[in-house]
Amino acid sequence: MKRFLAAALAVLMLCGCTLQGKPNEYSDTRFLMDTVCTIRAGGGEAQAAVTAAFERIEEIAAAVDYYSDTSEVSAINRAKAGEAVSIGRDVEEILAAALDISEKSNGAFDITVAPLKDLWRFSDGSHEPPEQENLDAALAHVGYKKISLADGTVTKSDSEIKIDLGGAAKGYAADCAAEVLRRAGVPYALIDRGGNIYALGKNPSRSDGGWLIGLQKPFGQTGEYFKTVTISEGAVVTSGTYQRFFEWNGALYHHILDPKNGCPANSGISSASIISDSALLADCLSTACMVLGRERGESLAAEYGAELICAEN
C-alpha cells in the first residue's frame, strides 16, 4: 500500500503552472472520484463558481461510481444480457466518446476491462499477480463490442460484462466543471485533478496568458519534469506506468492493462500525455496510447485533433 500511495502523491504534482495567488482569487480542494481535485478561479464570482463546479463534479461522480450500488454504472453491471438499462445524459456522453475511441483504437481503450482490474487489485499494494487461468476467464467477458448504446439506454450481450468509467469520467467531469466556470464568467480558472489538468482563460501570472504545464518524469522525484508545454486553454491529461503499480519478485506491474491479453501494457513508453480541447477525449486517448505506443498513438491522437507527448521506457 505504501508504494501505491507514493505513486498517487506523485500524480498530484504531475502538472505545474505559474499561477500565483491573486486578488479576487478563490481556491478549494476536495477528494472526488478517487483523486484530489483543486479548482482555482479569479474574479468577483470565483467562490460561487468554484462551489458550483464542485457540485457538478459530485453529480457526475455519483452516476459513475463503480463501487456504489446506487450508481448508473452499477445498474449496468448488474443487468442481464439483453436488458436495456436507462441512463442519464452524463453517462450517455461518456459512453459515446469511450466507445468511439474503443472502435478507432481497435480496442486498445476498453471500458469493459473491469473484471481484469478486479483481479489485479492495484490498490492493495504488492501481491502476487493473478493466475493465467483467472485472466483467461475474465478475458472471456471483456470486449467493448458486447455493449450497445441507443436512445438513452445501454444493453449488454453478455451478463458478465462489467464497465468501469474511471478512464473517461474524470476527464468528462473536468470538461463539465470548466463549462460551469465559463458560464459563471470567471476570467480564468485552473482545474487540477492530478494527472488531469484543465486551464480556462488567460493565466494572470504570464504576460502572454499561457499556462506552463510540467510533465512528470516517470519514476522521478515529485516535480521532476522531462518536458514542459505551454497551452492557451484546454486539457492536458497524462497516463503513466508510475502512477499506480506494485512489485512482485523483482518485476513491476502497472495498472494500465492491455485489453487483448489482460496484462499491463508493454508498448515501450512510460507515460502518455494528451493535449486536447476536451479533457474527456484526452482521458480516453492517454490510456489508449499507453497500450498502442508512440507511433500508433500519435496517429490515433491526430484523428481527434489532439497531440501526444510520450516518455520512453
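Remark: side-chain polar atoms of Asp110 are paired, donor with acceptor, to backbone N or O of Tyr144 under 3.5 angstrom. Using modelled atom types, one side-chain atom of Ser276 and one backbone atom of Ser278 make a donor-acceptor pair closer than 3.5 Å. With hydrogens and angles disregarded, a donor-acceptor distance shorter than 3.5 Å links the side chain of Asp175 to the backbone of Ala279. Without hydrogens or angle criteria, Glu72 side chain to Val91 main chain gives no donor-acceptor distance under 3.5 Å. Panel note: side chain Ser157, backbone Lys146; a donor-acceptor pair is recorded below 3.5 Å. No donor-acceptor pair closer than 3.5 Å links the side chain of Glu58 to the backbone N or O of Ala53. The backbone N or O of Met290 sits less than 3.5 Å from a side-chain atom of Ser267, completing a donor-acceptor pair. When atom types are taken as modelled, the side chain of Asn203 and the backbone of Gly210 share a donor-acceptor pair closer than 3.5 angstrom.
Residues Tyr242 and Ser270 fail the side-chain proximity criterion, which asks for heavy atoms closer than 4.5 Å. By the 4.5 Å heavy-atom criterion applied to side chains, Phe226 and Ile309 are counted as neighbours. In this structure, the side chains of Val154 and Ile163 stay at 4.5 Å or more apart for every pair of heavy atoms. At a threshold of 4.5 Å between non-hydrogen side-chain atoms, the residues Tyr66 and Asp118 count as touching. Taking 4.5 Å as the limit, some side-chain heavy atom of Leu215 sits within range of a side-chain heavy atom of Thr238. In this structure the side chain of Ile39 reaches within 4.5 angstrom of the side chain of Ile57, judged on heavy atoms. You'll find the side chain of Ile191 reaches within 4.5 Å of the side chain of Leu181, heavy atoms only. Side-chain atoms of Asp164 and Lys117, non-hydrogen and from C-beta on, do get closer than 4.5 Å to each other.
Leu281 CG to Ser286 OG: the interatomic distance, rounded to the nearest 0.5 Å, is 11.0 Å. In this structure, Tyr198 OH and Leu280 CG are separated by 11.5 Å, a value rounded to the nearest 0.5 Å. Note that NE2 of His255 is 14.0 Å distant from CG of Leu116, once rounded to the nearest 0.5 Å. Taking CG of Asp28 as the reference point, atom CZ of Phe54 lies at 5.0 Å (rounded to 0.5 Å). Remark: Leu165 CG to Leu95 CG distance equals 5.5 Å, nearest 0.5 Å. In this structure, CD1 on Ile60 lies 7.0 Å from CE on Met33, to the nearest 0.5 angstrom.
The side chain to side chain donor-acceptor pair (under 3.5 Å) contacts involving residues 77-88 comprise nothing, where partners must be two or more places apart or lie in separate chains. For residues 299-308, the side chain to side chain donor-acceptor pair (under 3.5 Å) pairs, not counting sequence neighbours, are Asp100-Tyr304. For residues 79-121, the set of pairs meeting the ring pair (Phe, Tyr, Trp, His ring centres under 6.0 Å) definition, not counting sequence neighbours, comprises Trp120-Phe122, Trp120-Tyr253. Among residue pairs with one or both ends in residues 269-278, none qualify as salt bridge (charged side-chain N to carboxylate O under 4.0 Å, His left out); sequence neighbours excluded.
A 6.0 Å sphere centred on OH of Tyr67 holds no more than 12 heavy atoms belonging to other residues, nucleotides or ligands. Heavy-atom contacts from other residues, nucleotides or ligands closer than 6.0 Å to CG of Asn266 number 12 or fewer.
Between Glu160 and Asp158 the shortest heavy-atom distance is N-OD1, 2.8 Å. The two atoms that bring Trp248 and Pro129 nearest to each other are CD1-CD, 3.4 Å, heavy atoms only.
The salt bridge (charged side-chain N to carboxylate O under 4.0 Å, His left out) test applied to Asp136 returns no partner, not counting sequence neighbours. Applying the salt bridge (charged side-chain N to carboxylate O under 4.0 Å, His left out) test to Asp208 and every residue at least two apart in sequence or in another chain returns Arg206. For Cys310, the side-chain contact (heavy atoms from CB on, under 4.5 Å) partners two or more places apart in sequence, or in a different chain, are Ile269, Arg294, Leu308. Listed by chain and residue number, nothing satisfies the salt bridge (charged side-chain N to carboxylate O under 4.0 Å, His left out) test with Lys202 (two or more places apart in sequence, or in another chain). By the salt bridge (charged side-chain N to carboxylate O under 4.0 Å, His left out) test, Lys170 pairs with no residue at all, sequence neighbours left out. Residues passing the side-chain contact (heavy atoms from CB on, under 4.5 Å) test with Ala84, sequence neighbours excluded: Thr153, Thr155. For Ser27, the side-chain contact (heavy atoms from CB on, under 4.5 Å) partners are Thr38, Arg40, not counting sequence neighbours.
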_salt bridge (charged side-chain N to carboxylate O under 4.0 Å, His left out) between Asp283 and Arg193, intermediate numbers included_ = CA-CA 11 Å; Asp283 210 359; Arg193 296 180 56 77; over 6 Å; no

_Evaluation steps, side chain to side chain contact (heavy atoms under 4.5 Å, CB included), between Leu135 and Leu119_ = CA-CA 8 Å; Leu135 286 176; Leu119 279 178; 4.1 Å; yes

*asked:* Could you go through Asp90 and Arg56, starting from their C-alpha distance and side-chain angles, then the distance that decides it, and tell me whether this counts as salt bridge (charged side-chain N to carboxylate O under 4.0 Å, His left out)?
replied: CA-CA 11 Å; Asp90 289 331; Arg56 184 71 177 98; 2.7 Å; yes

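Side chains of Ser68 and Thr70: a donor on one and an acceptor on the other come within 3.5 Å. When only modelled atom types and interatomic distance are considered, Asp65 and Ser74 share no side-chain donor-acceptor pair under 3.5 Å.
Each of Ile76, Ile111, Val85 was checked for a side chain to side chain contact (heavy atoms under 4.5 Å, CB included) with Ile147, and the lone residue meeting it is Ile111.
Linking ILVMFWY side-chain heavy atoms closer than 4.5 Å, directly or via other members, places Val180 and Val50 in two distinct hydrophobic clusters. No path of Ile, Leu, Val, Met, Phe, Trp and Tyr side chains, each step under 4.5 Å between heavy atoms, connects Val291 with Ile274, placing them in separate hydrophobic clusters. Hydrophobic clustering, with ILVMFWY side chains joined whenever heavy atoms are under 4.5 angstrom apart, keeps Leu285 apart from Ile256.
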With a 3.5 Å cut-off and sequence neighbours excluded, list the donor-acceptor pairs that the side chains of residues 227-234 form with protein atoms.
from: Glu233; atom 1: OE1; to: Gly201; atom 2: N; distance (Å): 2.8
from: Glu233; atom 1: OE2; to: Arg182; atom 2: NH2; distance (Å): 3.3

